[in-house]
Peer 1: 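Mind having a look at this structure? Questions to follow.
Quick caveat: nothing in here was measured; it's all calculated off a predicted structure.
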Amino acid sequence: AGLAVRGLLACALLCVWPAAHALPGDETILDAQQAYREKNKNRLAATRAVALASQHPLAMWADYWDLGNRLAQVQQSDIDAFYARWAGTYVEDRLRNDWLLELGRRRDWAALAVDYPRFRMNDDREVTCYALLAMHLEGEDVVEAARSAWIAQRDSDDGCTLMAATLFEAKLFSAADVWNKVRLAIDAGRPSPALQARTPFMRRALPSAARGGRTRNPKTTRVPTARMARATARAVRRSSRRRQRSGLGPSARAWSGSKE
């Protein structure tokens, strides 16, 4: 918590710094920020070098923006050098967050397993899903933690979807888990996770009603996103009604209109 608070203070300081102070080199930090927003790599690299050489109090942010702007191309040695320069700071852990996501996208599970325990804030659910997947691939039992992380997922992302697909293929997640995921997402009004029903493993887990009907060629047929959401919602509601009515007696089922 203390690290996060220090990070917020640093961000606030960065926003008000020009009005509150007038140190030599302030324009360099502002230039670096603007270059980062514009994705101007050459200008950002130049302003970073000036900020570091002048030892400006906010030079760490210019360094962070520069490395973050080319994260897909850097190597572990570049990241380790940044960690060493800014050890114990908010930007060190913020870059670690970004790097763990990049390692997940690269499917570099060995490197992710090394760096993840050092992630002090540990406030990114997608990173958590990548880490749980890495643990599973190493033979650890992560089913309960993985199920909780997947159910809690608010927006569709690569990490949690890949983790769930892998555990489903390993028969550690069941069709019931998939139904529960979709039902809870719809009940909570979160369409993005519900629309993951379009992903291959969830399409296999859900009945044809939730897939918008059977098709002759499921490999080439595309079900529109809106149609998929509506079909899935209808299937979940029908399933819920069937479960509720299954506990009623014959007369109560007749009164409710159930034909089961």
Side-chain angles (χ1 to χ4, degrees), residues 1-131 134 154-160 162:
L3 188 63
V5 170
R6 289 197 299 272
L8 291 174
L9 289 174
C11 291
L13 179 60
L14 185 62
C15 293
V16 303
W17 185 270
H21 299 276
L23 291 179
D26 283 356
E27 66 282 356
T28 301
I29 302 300
L30 295 176
D31 284 348
Q33 186 181 44
Q34 187 64 29
Y36 173 70
R37 290 172 176 168
E38 296 173 355
K39 299 188 183 300
N40 188 327
K41 294 183 179 181
N42 293 335
R43 180 181 166 197
L44 183 52
T47 51
R48 166 196 174 270
V50 172
L52 290 176
S54 64
Q55 298 184 335
H56 193 281
L58 296 177
M60 65 179 70
W61 284 101
D63 201 8
Y64 170 77
W65 293 327
D66 174 63
L67 199 54
N69 208 28
R70 51 191 178 89
L71 204 60
Q73 291 80 44
V74 303
Q75 301 302 317
Q76 187 66 53
S77 57
D78 301 307
I79 300 297
D80 290 339
F82 182 95
Y83 291 163
R85 282 195 297 275
W86 310 113
T89 65
Y90 175 81
V91 292
E92 180 213 0
D93 214 45
R94 202 70 279 160
L95 184 76
R96 179 170 286 110
N97 189 166
D98 299 340
W99 182 237
L100 288 168
L101 290 172
E102 176 62 25
L103 290 174
R105 287 188 285 267
R106 295 183 186 190
R107 309 306 193 236
D108 189 344
W109 308 122
L112 188 143
V114 171
D115 212 8
Y116 177 70
R118 303 168 185 161
F119 185 25
R120 295 187 295 279
M121 282 181 288
N122 198 16
D123 56 354
D124 189 311
R125 183 168 284 114
E126 186 175 10
V127 169
T128 299
C129 287
Y130 277 139
R154 290 186 171 273
D155 298 299
S156 177
D157 62 57
D158 176 65
C160 293
L162 177 65

Peer 1: Looking at every non-hydrogen atom in both residues, tell me the closest pair between Gly159 and Asp157 and how far apart they are.
Peer 2: N-OD1, 3.2 Å
Peer 1: Once salt bridge (Lys or Arg N to Asp or Glu O under 4.0 Å) is applied, do any residues pair with Glu92, and if so which ones, sequence neighbours excluded?
Peer 2: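 Counting only residues at least two positions away or on another chain, Glu92 forms a salt bridge (Lys or Arg N to Asp or Glu O under 4.0 Å) with Arg96, Arg120.
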Peer 1: Looking only at non-hydrogen atoms, find the nearest pair between Tyr64 and Val91 and report the distance.
Peer 2: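 Where Tyr64 meets Val91 most closely, the heavy atoms are CD1-O, 4.1 Å.
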Peer 1: Does the side chain of Tyr36 come within less than 4.5 Å of Gln34's, by heavy atoms?
Peer 2: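 Side-chain contact under 4.5 Å: no.
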Peer 1: Is the shortest side-chain heavy-atom distance between Tyr130 and Leu100 below 4.5 Å?
Peer 2: no
Peer 1: Output the distance between atom CH2 (Trp61) and atom OG1 (Thr89), rounded to the nearest 0.5 Å.
Peer 2: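 Trp61 CH2 to Thr89 OG1: 8.5 Å, rounded to 0.5 Å.
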Peer 1: Taking the side chain as everything from C-beta on, heavy atoms only, tell me whether Leu103 gets closer than 4.5 Å to Tyr116.
Peer 2: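 SC-SC contact between Leu103 and Tyr116 ruled out.
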Peer 1: Go through the structure and list residues passing salt bridge (Lys or Arg N to Asp or Glu O under 4.0 Å) with Arg94, not counting sequence neighbours.
Peer 2: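 Here the qualifying residues are Asp123.
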Peer 1: Please list, chain by chain and in numerical order, all residues satisfying side-chain hydrogen bond (donor to acceptor under 3.5 Å, both in side chains) with Trp86, sequence neighbours excluded.
Peer 2: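 In terms of side-chain hydrogen bond (donor to acceptor under 3.5 Å, both in side chains), with neighbours along the sequence ignored, Trp86 is linked to Asp63.
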Peer 1: Kindly give the heavy-atom pair with the smallest separation between Met121 and Tyr90, and that separation in Å.
Peer 2: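 Closest pair (atom of Met121, atom of Tyr90, distance): SD-CE1, 3.8 Å.
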Peer 1: With sequence neighbours left out, write down each residue that passes side-chain hydrogen bond (donor to acceptor under 3.5 Å, both in side chains) with Arg70, or none if nothing qualifies.
Peer 2: Asp66
Peer 1: Which pair of non-hydrogen atoms, one from Ala59 and one from Ala51, has the smallest distance, and what is that distance?
Peer 2: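 Minimum heavy-atom separation between Ala59 and Ala51: CB-O, 3.5 Å.
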Peer 1: Indicate the atoms forming the closest heavy-atom contact of Asp158 with Glu126, along with that distance.
Peer 2: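 Heavy atoms only, the tightest pair is N-OE2, 3.3 Å.
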Peer 1: Measuring from Tyr83:OH to Asp78:CG, what's the distance to the nearest 0.5 Å?
Peer 2: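 Those atoms lie 11.5 Å apart.
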Peer 1: My understanding is that only residues two or more places apart in sequence, or in another chain, count here; which of them pass salt bridge (Lys or Arg N to Asp or Glu O under 4.0 Å) with Asp31?
Peer 2: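 For Asp31 the salt bridge (Lys or Arg N to Asp or Glu O under 4.0 Å) partners, ignoring immediate neighbours, are Arg43.
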Peer 1: Are any of the side-chain heavy atoms of Arg107 and Leu162 separated by less than 4.5 Å?
Peer 2: yes
Peer 1: Which heavy atom in Gly104 sits nearest to a heavy atom in Trp109, and how many Å separate them?
Peer 2: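 Closest heavy-atom pair between Gly104 and Trp109: O-CH2, 3.9 Å.
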Peer 1: Return the CG to CZ distance between Leu67 and Arg48, rounded to the nearest 0.5 Å.
Peer 2: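 The distance works out to 8.0 Å.
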Peer 1: Which disulfide (SG to SG under 2.5 Å) pairs, counting each pair once, include a residue from residues 47-130, with sequence neighbours left out?
Peer 2: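 Qualifying pairs, neighbours excluded: Cys129-Cys160.
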Peer 1: Rounded to the nearest 0.5 Å, what separation is found between the CZ atom of Phe119 and the CG atom of Leu112?
Peer 2: 10.5 Å
Peer 1: Going from CG on Leu71 to CZ on Arg105, what distance comes out if it is rounded to the nearest 0.5 angstrom?
Peer 2: 7.5 Å
Peer 1: Counting only heavy atoms not in Gln73, do more than 12 fall under 6.0 Å of its CD?
Peer 2: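 Buried by this count: over 12 neighbours within 6.0 Å.
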Peer 1: Below 4.5 Å, heavy atoms only, C-beta onward: do His56 and Asp26 meet side chain to side chain?
Peer 2: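 Sidechains of Asp26 and His56: in contact.
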Peer 1: To the nearest 0.5 Å, what is the distance between CZ (Arg85) and CG (Asp80)?
Peer 2: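 One gets 11.0 Å once the value is rounded to the nearest 0.5 Å.
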